[in-house]
Every structure is written in structure tokens, then in C-alpha cells.
J.: 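Could you have a look at this structure, given as C-alpha cells, before my questions?
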Amino acid sequence: MKCQKCDKQATFHITDLVDGKPNELHLCEECAGAFLAPSPEDANEMLPAMAGLLAQHLAVGETAEDLARLDQRSCPVCGITFLEFRKQGRLGCPHDYVNFAAELEPLLLNIHGETRHVGKVPKYCASGAEQQTQLIRLRREMKEAIAAEEYEQASLLRDQIREIERSREPHGEE
Amino acid sequence: MDFSQLDLHELAKTSGEWLRGSGPESDIVISSRIRLARNLADFPFISRATDTDRAEIGKILRSRIETLHEQGKFKGHLIYVDVSSLEAVDRLFLVERQLISREHAEAEGARAVLIDQREQTSVMINEEDHLRIQVLKSGLDLSSAWEQINDLDDLIEARVTYAYHDHFGYLTACPTNVGTGLRCSVMVHLPALVLTRQIDKVFRSLQKINLAVRGLYGEGSQAQGDFYQISNQVTLGQSEEELIKKVADVVPVLIDYERKARDFLIRESQETLHDRVSRAYGILRTAQTISSEETMHLLSSLRMGVNLGLIRDVAIPTVNKLFVHTQPAHLQKLTGMELDTSDRNIERAAYLRRHLSGDGAGATHN
Ligand SMILES: [Zn+2]
Ligand SMILES: [Zn+2]
């Protein structure tokens, strides 16, 4: 049997449903592949890219100046700027959720339809997490102090780090 | 058995429990998977972590997770694998096995995975988030997957401080995962919906209720072998149980559609269907060289033929295993040789002939 769309041998016999009625199609492998493949529009619908979402959201209600000012804002803990986040779609540290909360909320609403977590809560230290996150900043500052040969400052920072780290010891060891 | 290290060569000869073809609705549902994204509170997310940070994160997580064994709190045994020191073929092998993500295989820098010997649990370290915990079960079994992963998460959480915020929940590198950090997915085999061209309609309706659909092994929309993963898109604002229920509730509907499409094909064009399935079986048993794509395509027909009783001398676990064992890295591990594409196609055909040979031995041996 010949393919219904070209002259090659038909090796695929497809039952197409047209308005609920079966319709037999006899196609070669190539034509069958083209027939069964989802159209490009279907593929595009599959997953809106993070970058697209961000662009969509930020384009609304922001003037160019607002956006430029926002892009320069950075996180005091990890140093990421909003522009860097916008470009790579990944945040730099847990504190970014606090630092950029106002900007992230509309984005979260766009992605999830909600902005508040209602699920599982860690049994231990849920409230101590933000304090732990400050270790990222303290370690960075200590490294900078050492590089600048400000050893007194570095040792002060080290004491602070140790104190917070002690509170990090594994819990629930009975 | 030595649990201290993972012998990938030995592992290649076996198959993970998720492939055993058991569990509820296993003619259509291959596996159920849940993963949780978690980060340590006191380190930057991966994109801003230095090499020292990554090494430190890896060290802390490894030691905290390994103490679970000493204290006997975790049932099973997690084996540590340093992914950054593995050869490319071994990394790809773990991807084909569904134990690590493609991103984790292809990334750079210190990264690892802990795998339990039954291949149900894997814990990726330094993926997009510091921790990606995964539990994989055969068939439709989300509730026991959730129970298992929730317990492991509790055990790890007792030893580290996760990045967590009262308002936003578990904090993740990408805002698309924040809140629960939970992605649950069910892998389904839908050959009859593809054959009757109903699949696009089904997907559009799934997208309308905020569920994502992906092909097997990754992000591309084109499914290999008519395997699709259905998963939640949203992670914030609903509890873990609600998110899981949404996926769990839609799967029986999909199963019903697929069964109806199979009934329809049997009723309206049994000869054509039987012919198609038999030809697929014939090619798989006799081909001398065969690509991975064609193999997936034909195995899909064969799998449906076995499920419909049109083919009686092959067992479903054998077919399930062939889908994985004919992948490029598995073939190379099984032959113990590095093979280029054309050598792989020859080796793949030989492997299929050996396992589907008409002497009746095909159904069970490894
Ligand atoms: Zn043709
Ligand atoms: Zn930050």
C-alpha cells in the first residue's frame, strides 16, 4: 500500500478520530511523524519561561526610571542586584525573599496565584533561619576584613559567626 | 553486598524497583515521583555560591545524612556518589536511571547524589538548590511516596537549618519552586491517545487546571515512546497534600481516557492494531541496527500489545526494562565499552534480539 501523502510505502496505519468518527490513514514513516507531531504552537504553550514571566510582570506599571533604579538595588547579604536576578531568573540567597519582597510578591502571584505558604513548617528553628542567613554576610565581611588586614574587625566578626554557628548544632538528638 | 560504594557496572545489570511493572494501574502508570527542594539557611543559593561554599555545603549535608544510618533512623541505606568525579557516561547512566536530573549531570563544580540501594530514594546535593530529595515508586502510589519523603525530610531537617520564611515557606533559588518546594509527577504511557490523536486535547485540558506535561527524560514536549509526566506547576499557597491530590485526582481520568481509546482501537480496527503491534515486535526481534528513537517507538507499540493480550510471550517488566537498558549509557555500561552512535545501534539491535528471542527465554532473564 502506498502512503496517502507521498509515493513511499505506507507502514503506519493511523486511526484518526474526526468528530468522533474513525478515519483510517495510511502513511509512510516520515509523513506519519509529521502528522502525529504536536504543532509548534502546542509546544510553546507547554511551559512559560521564567524570563518571560518576569518581563511580563515588570513591564506593567513601571517606568523606565523606576525599573533602572530597581535594577540597581542589591541584597546586603549576598550582593545580587535585581538586574542580575532578572537576567538569570535565580535568586542569590534566602534573604532576597525579604530584601526584594515587594517586587517578588506580584511575581509570585503571577506564578502561583497565591503569595502565602500554607504547607509544612519545619519542626525546629523555623524562626532562626533568617538569623542563620546573616552568616552569609558575616563570613563575606570577615573575608573582606582579612583581605584589608583589619584583623581586629575580623576577629570580632569571627566571634559573632561562632556564636550563631553554635545555635546551628543538630537538634533533636535525644 | 558492599554498601559503602555504588558499583555502577553491577547496577546496570539490574533495574530499579520503579520498573518492576507492579503497583496500582501499572499497565498505564509507570511510576510516581515526588521531589522536595530545600536549601541551607546559612549559605548562598547555588548561582552565587563559591567553590568553597559548594564544597562546604556538600560536606555538611553528606555527614548529616550519613549519621541517619548510624542512628538507624532511616530505613534502607543511602550510598554517596560524587557526581563531579564521574565519567560522562556514568553521569548519563544515572540520568537514564532517573536518579539524577540532566541538569545535575551536565553542571560543573562540586555536586553529589545519595542513592538508596532499592533506587527509590535519591538526594541530589548542589543541584539548582542545595538539596533535591526524590522518592520514586512503581505504579500510581503518590501517597506512600509522600509519606516516605516527608519522613526523610523530617530526619534531615532535625540536623540542619533549612532556609524558611513564615510568609513564603521553604525558600528556593527559583521563585517557581518556593513554598512547599514540592513537585509531584506521575509517568503515564498513553499510546492509544497518541494513536487516536486525542493527546493534544487532553494536554490542553491539563494545562487549563495548571498541571504541566512533559515527555520522558526531560523538558522537551515531544515524548519518547508515548511516555508523559504529569506534574503540578504551582508550589505556593496550597498544602503538600492538596498539591498531591490535584495530580492524583486527574490520573484516573487519564487512565480512563487511555483505556477507552484502547477499547475503541480494538473494536474499530483490531486487525490494523494487531498488525501494527506484531510488526513492531517483529522488527524489535530481527533488526540488525536500530536507533534509540525507533526502539522507543516500537517498544511503545509492543507494550500496548502485551497489555491488550495481543502479544503473549513477553512480560511487562521485560518491556519496561528494555526501555531503559537500550538507552545510550546503559548499553555502554552493559557491554563495558565506549560505543559511537552506529556501534550503539548495532549493539542495541543485538541486545533486543537476545531479550526478545522467540525461544521463550525472553520473558525473564536479565
Ligand atoms: Zn509519505
Ligand atoms: Zn541575597
Side-chain angles (χ1 to χ4, degrees), chain A residues 11-17 22 24 36-39 42-43 45-47 50 77-80 88-94 96-98 101 104 107-108 111-136 164-165 168 170-173, chain B residues 39 41-48 64 67 128 150 153-154 157-171 173-176 178-180 182 194-200 203-204 207 210 212-214 219 221-222 234-240 264-265 268-269 272 275-276 279:
Chain A
T11 51
F12 278 72
H13 308 283
I14 295 167
T15 312
D16 192 15
L17 276 187
E24 288 283 307
L36 292 174
S39 65
D42 288 337
E45 262 181 58
M46 291 277 172
L47 251 188
M50 183 65 206
V77 169
C78 73
I80 194 174
Q88 63 194 28
R90 300 287 181 278
L91 292 160
C93 82
D96 297 355
Y97 282 94
V98 179
L104 285 175
L107 176 66
L108 293 174
I111 300 171
H112 301 282
E114 298 281 345
T115 60
R116 260 204 124 85
H117 175 59
V118 294
K120 189 172 177 178
V121 178
K123 284 193 194 71
Y124 311 96
C125 265
S127 54
E130 174 66 16
Q131 190 199 14
Q132 296 283 323
T133 296
Q134 293 305 316
L135 281 173
I136 302 169
I164 301 177
E165 274 179 345
R168 185 184 71 175
H171 357 261
E173 311 278 276
Chain B
N39 288 278
D42 57 338
F43 286 93
F45 292 143
I46 292 299
S47 68
R48 285 193 86 80
R64 299 290 156 88
T67 57
E128 183 183 294
N150 192 27
D153 184 49
D154 283 346
E157 187 256 313
R159 282 156 183 78
V160 298
T161 303
Y162 281 152
Y164 182 86
H165 185 275
D166 288 338
H167 193 142
F168 298 124
Y170 291 94
L171 304 179
C174 184
T176 53
V178 76
T180 56
L182 178 140
V194 174
L195 216 53
T196 55
R197 307 241 304 150
Q198 303 290 293
I199 201 84
D200 287 353
F203 288 174
R204 271 193 289 274
Q207 280 155 15
N210 265 320
V213 183
R214 290 190 192 83
E219 307 292 315
S221 58
Q222 184 71 57
V234 162
T235 58
L236 179 67
Q238 292 174 51
S239 71
E240 288 80 359
F264 172 83
L265 287 171
E268 300 295 329
S269 52
T272 315
D275 179 69
R276 181 193 175 89
R279 280 168 189 271

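Protein chains get the first letters and strands the later ones, always in sequence-line order, with residue 1 at the start of each.
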J.: Select one option (side chain, backbone, both, neither) describing which atoms of B/Asp154 are under 4.5 Å from chain A's heavy atoms.
T.: both
J.: Roughly how far, to the nearest 0.5 Å, is CD of A/Glu130 from OG1 of B/Thr161?
T.: 12.5 Å
J.: Looking at A/Arg90 and B/Glu128, is there a salt bridge between them, counting it only when a charged N and a carboxylate O are closer than 4.0 Å?
T.: yes
J.: As a test of understanding, state which of B/Phe43, B/Tyr170, B/Tyr162, B/Phe45 forms a side-chain contact (heavy atoms from CB on, under 4.5 Å) with A/Pro94.
T.: B/Phe45
J.: Which distance, rounded to the nearest 0.5 Å, do you find between the OG1 of B/Thr235 and the NE2 of A/His117?
T.: 9.5 Å
J.: What verdict does the side chain to side chain contact (heavy atoms under 4.5 Å, CB included) test give for B/Phe168 and A/Leu108, after you've listed the backbone C-alpha separation in whole Å, the side-chain angles of each residue and the deciding distance to 0.1 Å?
T.: CA-CA 9 Å; B/Phe168 298 124; A/Leu108 293 174; 3.6 Å; yes
J.: What part of A/Val77 is in contact with chain B, defined as an atom under 4.5 angstrom from a non-hydrogen atom: side chain, backbone, both or neither?
T.: neither
J.: Return the option, out of A/Cys93, A/Gly119, A/Cys78, with the maximum number of heavy-atom pairs under 4.5 Å with chain B.
T.: A/Cys93
J.: Where does A/Ile80 contact chain B at under 4.5 Å (heavy atoms): side chain, backbone, both or neither?
T.: both
J.: Mind listing the closest non-hydrogen atom pair of B/Tyr164 and A/Val121 along with its distance?
T.: OH-CG2, 3.3 Å
J.: In the structure I gave you, are the side-chain heavy atoms of A/Lys120 and B/Thr180 within less than 4.5 Å of one another anywhere?
T.: no
J.: Please name the pair of heavy atoms, one in A/Leu91 and one in B/Pro175, separated by the smallest distance, quoted to 0.1 Å.
T.: CD1-CG, 4.2 Å
J.: With no hydrogens and no angle check, is any side-chain donor or acceptor of B/Glu157 less than 3.5 Å from a backbone partner on A/Lys123?
T.: yes
J.: Which region of B/Ser47, side chain (C-beta onward) or backbone (N, CA, C, O), has a non-hydrogen atom less than 4.5 Å from a non-hydrogen atom of chain A, or is it both or neither?
T.: side chain
J.: Taking every non-hydrogen pair under 4.5 Å, which of B/Gln238, B/Glu240, B/His167 racks up the most with chain A?
T.: B/His167
J.: Return the option, out of B/Leu236, B/Val234, B/Asn210, with the maximum number of heavy-atom pairs under 4.5 Å with chain A.
T.: B/Leu236
J.: Okay, side chain of A/Thr133, backbone of B/Ala41: is any donor-acceptor separation there less than 3.5 Å?
T.: yes
